[in-house]
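What you are looking at is a predicted structure, and each value in this text was computed from that prediction instead of being measured. Convention: sequence-line order gives letters A, B, ...; per-chain numbering from 1.
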Amino acid sequence: MLNNFVAPDLYPAAPEIFLLVMASVIIFVDILAGARNRWLLPFLTIATLVGAAAITATTFSEQSVLTFSQMFVDDALADMLKLFTYLAVIFVIIYSRGYLQARGLDKSEYYLLVLFATLGMMVMISANHFLTMYLGVELLSLSMYALVAIDRDSVRATEAAMKYFVLGALASGLLLYGMSMVYGATGTLEIGGVYQMLYHGAANKTVLVFGLVFLVAGIAFKLGVVPFHMWIPDVYHGAPTAITLFLGSAPKLAAFAMVMRLLVYGLFEVALEWQSMLMLLAVLSIALGNLAAIAQTNLKRMLAYSAISHMGFMLLAMMSGVVGDNRAPAFAAYTTAMYYTVAYVMMSLATFGMLLLLSRKGFEAEEIADFKGLNKRSPWFAAMMLVLMFSMAGIPFFIGFFAKFSVLAIVVATGHTPIAVFAVMLSLVGAFYYLRVVKVMYFDAPTDTAPLAAGIDMKLLLSANCLAVAMFGLFPQAVIQLCKYALERSL
Amino acid sequence: MSSHLLSLSIWVPILGALLVFAVGSERRNAARWLALAVAVAGFLVTLPIYMGFDAKQAGMQLVEQASWVAPFRIQYLLGVDGISMLFVLLNSFITIMVVLAGWEVIEEKQAQYMGAFLIMSGLMNGIFCALDAVLFYVFFEASLIPMYLIIGIWGGPNRVYAAFKFFLYTLLGSLLMLVAFVYLFVSSGSFNILDWHQLPIDIGVQKLIFIAFLLSFAVKVPMWPVHTWLPDAHVEAPTGGSVVLAAIALKLGAYGFLRFSLPIVPDASQFFQPLMIGLSLTAVIYIGFVALVQSDMKKLVAYSSISHMGFVTLGFFIFNPLGIEGALVQMLSHGFVSGAMFLCIGVMYDRVHSRQIADYGGVVNTMPKFAALFLLFAMANSGLPATSGFVGEFMVALGAVQFNFWTGFAAATTLIVGAAYTLWMYKRVVFGAVANHNVAELDDINNREFLILGVLAVCVLAMGLYPFPFTDVMHASVDNLLKHVAAGKLM
């Protein structure tokens with residue numbers, strides 16, 4: 001029976017295995033340690049992530065290694081994205097701790113679900129097979145549904161979780177349907193195999209493109225771009241801010257990996273097909289995201305629409321890889337998209353972090369008006385928020401400027417100058433609502449004079465995060481080079 | 001040769017501003033003395049730039065070059081020629097005046113006020129020195145941030161509207177300029193402005209680039225019909241803000257025409273010459289009449305600035321040495337004169353808290369010293385010989401007559417209209433019987449105010465009587481520029 005069985009090489013999946021084992025250990029620790037030793041949980045979670053980071057860093061692969069019958073890939077892109085993910089999740093845990101404690105939500109479930117969601121992202125990042133990808137997506141999504149509803153007494157949160165779940169299930173369905181179509185056209189579910197089949201022209205193009213539409217729809221849902229964006233504002237708004245922080249940061253990296261694995265690694269031969277779809281999604285997202293954000297008075301909803309437009313910008317870079325027969329821009333385009341995603345995650349973390357900083361026991365900071373007069377309450381954090389808002393708006397000297405700039409560069413270089421003009425005109429609209437936040441902080445008198453309650457660890461980390469947004473705007477090269485390094489070794 | 005004078009002129013004020021922030025508004029005396037020291041230091045480091053400047057050389061001097069963002073070949077490239085050098089000095093000099101002008105009247109958040117102006121000063125020096133387009137753009141846009149805050153925090157009752165209008169108007173123009181920059185980068189492989197001066201460009205593309213530049217610089221100058229933000233911004237801004245806007249910020253747009261439009265797209269500049277002359281003359285004449293009917297002193301001077309800047313753009317686009325040099329002299333002179341006019345209005349506003357002409361009358365009776373200085377600046381503003389205002393206007397008018405008699409004739413009407421609105425305002429405010437008890441209770445200017453206005457008066461007179469130190473350094477660079485424009489760059 002087992003004659004054909006070859007033990008898989010577990011080495012490339014070491015960080016995933018470590019994370020899974022540690023998550024199981026944490027369950028037991030929680031049971032054994034009891035309520036009084038709850039401080040152990042965040043500590044252990046962070047230790048787990050640091051451990052996983054150490055494993056990933058020490059086993060950094062310069063070349064792609066396949067394992068589990070080609071279902072799982074470990075390459076430089078995967079390792080780099082995983083490292084960014086760990087870092088983002090560590091920030092999430094530290095920012096959220098005070099907020100969750102004040103609301104009695106710092107249960108072991110939170111830490112476990114965050115770890116499982118992280119595992120899901122790691123699987124997505126390393127997927128080399130449609131089924132692996134689907135497993136990763138589901139693990140992430142199911143953990144996220146539960147996290148959104150973690151405050152089970154909140155009507156708003158449970159409603160958001162329900163919406164998220166129903167629409168998420170629909171998206172999973174679309175994704176599976178698309179995968180089955182691609183399987184029908186190519187006869188394989190392995191991403192590398194799909195590429196080979198298409199490369200040799202041995203695929204039914206009609207069925208393939210039909211399936212591609214569903215794949216792109218599934219991806220668009222995960223990214224949250226128009227017209228699959230409906231869940232974003234409601235879920236961002238409804239979820240407890242600490243969960244929104246998680247939802248709005250690291251999963252964007254996984255979604256980027258999903259785009260790379262499915263579309264670039266698998267379906268690069270039909271790039272022109274999916275590029276035109278992405279272009280439509282991007283243009284619509286930038287338009288709707290920026291225009292709808294103007295009308296918001298709730299900062300979480302505003303940031304949700306801003307996330308939609310940012311993901312649209314990222315897709316602008318993704319759709320610039322191939323022009324006609326010319327594939328030369330591909331590398332630069334995907335590097336730019338990755339850089340944009342990393343920059344966005346960095347800004348998004350800090351912005352939701354600011355919301356958590358202003359919240360305290362019995363008070364949720366989520367309206368733009370809650371930032372009124374922050375300059376009088378805390379000039380330092382007002383300045384930090386100023387940096388974030390101008391960075392999101394794409395004003396120099398901050399990282400957001402260079403992210404937008406590199407997208408513009410690649411879009412213009414591939415001959416889409418009108419789209420570049422369209423995108424910058426809508427970022428002008430975007431500047432308006434970011435400026436409004438700066439306005440309430442600096443021009444208005446404070447309505448709330450309570451001192452900022454957050455702990456020193458959070459204040460330090462948040463300041464470091466904001467300063468990084470400014471630093472990488474002055475010296476943007478470091479992050480660009482990291483993205484370049486990863487992609488050079490894995491494309 | 002490596003000299004870091006230009007870097008010093010940029011970074012001394014900016015880093016100094018961070019120190020001022022660190023001292024904080026609570027320690028008011030320490031903060032303002034430190035700000036003054038930084039401003040003086042910022043001016044002192046620019047003096048060797050003038051001393052070491054070789055007037056016979058047309059090219060860039062004191063060049064500093066280093067790689068900044070290698071993936072896009074963006075350089076940290078600084079240099080000055082006869083066109084830009086004097087503005088660095090003017091800017092650093094005006095900053096001292098601004099710090100002194102805010103010495104007592106700014107009570108709220110004084111450290112932030114002074115710091116914002118110091119940062120503004122450094123950024124504007126960066127704009128004049130940058131020879132890399134992205135570096136230029138970064139300084140150009142970043143300078144919006146401090147000005148937005150200055151208008152919004154320390155401005156008048158309608159400050160929020162004015163701050164938004166200022167920011168969004170300027171951003172609108174500069175975003176299109178960014179697209180043009182990226183386009184030029186894609187065609188030339190470099191962001192070096194001097195490389196672009198040599199780059200051959202097709203006439204159709206030249207026209208589009210010219211329009212993108214025009215939108216950006218015309219808003220900044222501002223030219224009719226995109227001038228409407230300026231009266232709002234001037235009226236609402238605190239005195240220092242108005243001074244910086246009028247004396248320096250308006251020059252950025254005009255400088256942009258000389259550094260970008262004329263040399264990079266010379267053929268399109270020739271093509272659009274009638275349009276540019278038309279817009280300039282409209283500004284000179286029509287806005288001159290608009291100024292005549294203003295009842296608010298600051299608004300009147302704001303419209304007078306637009307009218308004077310129309311003279312500047314007219315001088316540029318008649319393409320002869322007299323015109324361009326006259327326009328440059330006019331820019332410098334306007335820097336002193338409009339700055340002084342706003343300071344004078346500020347002196348009165350600080351005492352009476354009104355900018356309405358109708359609220360004054362007979363100020364000479366209570367403030368004789370002030371009235372004498374104000375008279376000098378009013379005369380300079382209307383272009384009286386022996387003041388700096390005369391030199392530039394006379395040169396431009398002469399150049400315009402050389403170009404075409406009727407253009408010169410229309411331009412020269414400004415000498416009449418300008419005299420009419422300035423002197424009529426002066427008459428209503430200063431002469432006559434004491435109008436009301438506010439005026440009756442006025443104290444004459446104190447030593448600090450006398451120092452500021454006195455120094456500016458000396459500058460205005462010196463420049464009017466002996467303009468050669470200013471014009472001599474320009475000849476070589478202006479001749480070189482005109483040769484370039486005449487040659488064109490069509491293939």
**Report entry** Under 4.5 Å from any heavy atom of chain B - which part of A/T335
**Finding:** neither
Report task. Please flag which part of A/I480 lies under 4.5 Å from any non-hydrogen atom of chain B: side chain, backbone, both or neither. Result -> side chain
Report task. Search all heavy atoms of B/Y148 against all heavy atoms of A/F443 and return the closest pair with its distance. Result -> O-CZ, 3.5 Å
Query raised in the report: How far apart are the closest heavy atoms of A/L474 and B/W68, and which atoms are they?
Result: O-NE1, 2.6 Å
Query raised in the report: Pick from B/L149, B/L144, B/V138, B/V160: which one has the most heavy-atom pairs with chain A under 4.5 Å?
Result: B/V138
Query raised in the report: Taking every heavy-atom pair that is under 4.5 Å apart, which of A/K376, A/K484, A/R436, A/K439 has the most such pairs with chain B?
Result: A/K439
Requested in this report: Look only at the side chain of A/Q477 and the backbone of B/P71, and say whether a donor-acceptor pair between them is shorter than 3.5 Å.
Outcome: no
Query raised in the report: What residue in B/Y137, B/F167, B/F21, B/Y183 has the most heavy-atom pairs under 4.5 Å with chain A?
Result: B/F167
Query raised in the report: How about residues 170-178 of chain B versus chain A: which residues have heavy atoms under 4.5 Å apart?
Result: B/L171, B/L172, B/L175, B/L176, B/L178
Query raised in the report: Crowded around B/Y161 OH? As in, over 12 foreign heavy atoms under 6.0 Å?
Result: no
Report summary line: Okay, B/A163 and chain A: the region with an atom under 4.5 Å from a heavy atom over there is side chain
Query raised in the report: Where does B/V186 contact chain A at under 4.5 Å (heavy atoms): side chain, backbone, both or neither?
Result: side chain
Requested in this report: Kindly indicate whether the side chain of A/V411, heavy atoms from C-beta on, has any atom under 4.5 Å from the side chain of B/V182.
Outcome: no
Query raised in the report: Quick one: salt bridge (charged side-chain N to carboxylate O under 4.0 Å, His left out) pairs with a partner in residues 138-159 of chain B, sequence neighbours left out?
Result: none
Query - Contact class of B/I74 relative to chain A, heavy atoms under 4.5 angstrom - result: side chain
Query - Toward chain B: residues of residues 422-432 of chain A with heavy atoms under 4.5 Å - result: A/V424, A/M425, A/L428, A/A431, A/F432
Report task. Sort B/F185 into side chain, backbone, both or neither according to what part of it lies under 4.5 angstrom from a heavy atom of chain A. Result -> neither
**Report entry** Residues in residues 109-126 of chain B near chain A [non-hydrogen atoms, under 4.5 Å]
**Finding:** B/K109, B/Q112, B/L123
Query raised in the report: Hey, is CG on B/N29 packed in by over 12 heavy atoms from elsewhere, all under 6.0 Å?
Result: yes
Query raised in the report: So what's closer than 4.5 Å to chain B heavy atoms on A/Y442: side chain, backbone, both or neither?
Result: both
Report task. Walk me through it: do A/T417 and B/L208 pass the test side-chain contact (heavy atoms from CB on, under 4.5 Å)? Result -> CA-CA 12 Å; A/T417 312; B/L208 288 177; over 6 Å; no
Query - Parallel, tilted or perpendicular: rings of A/F405 and B/F191 (30°, 60°) - result: tilted
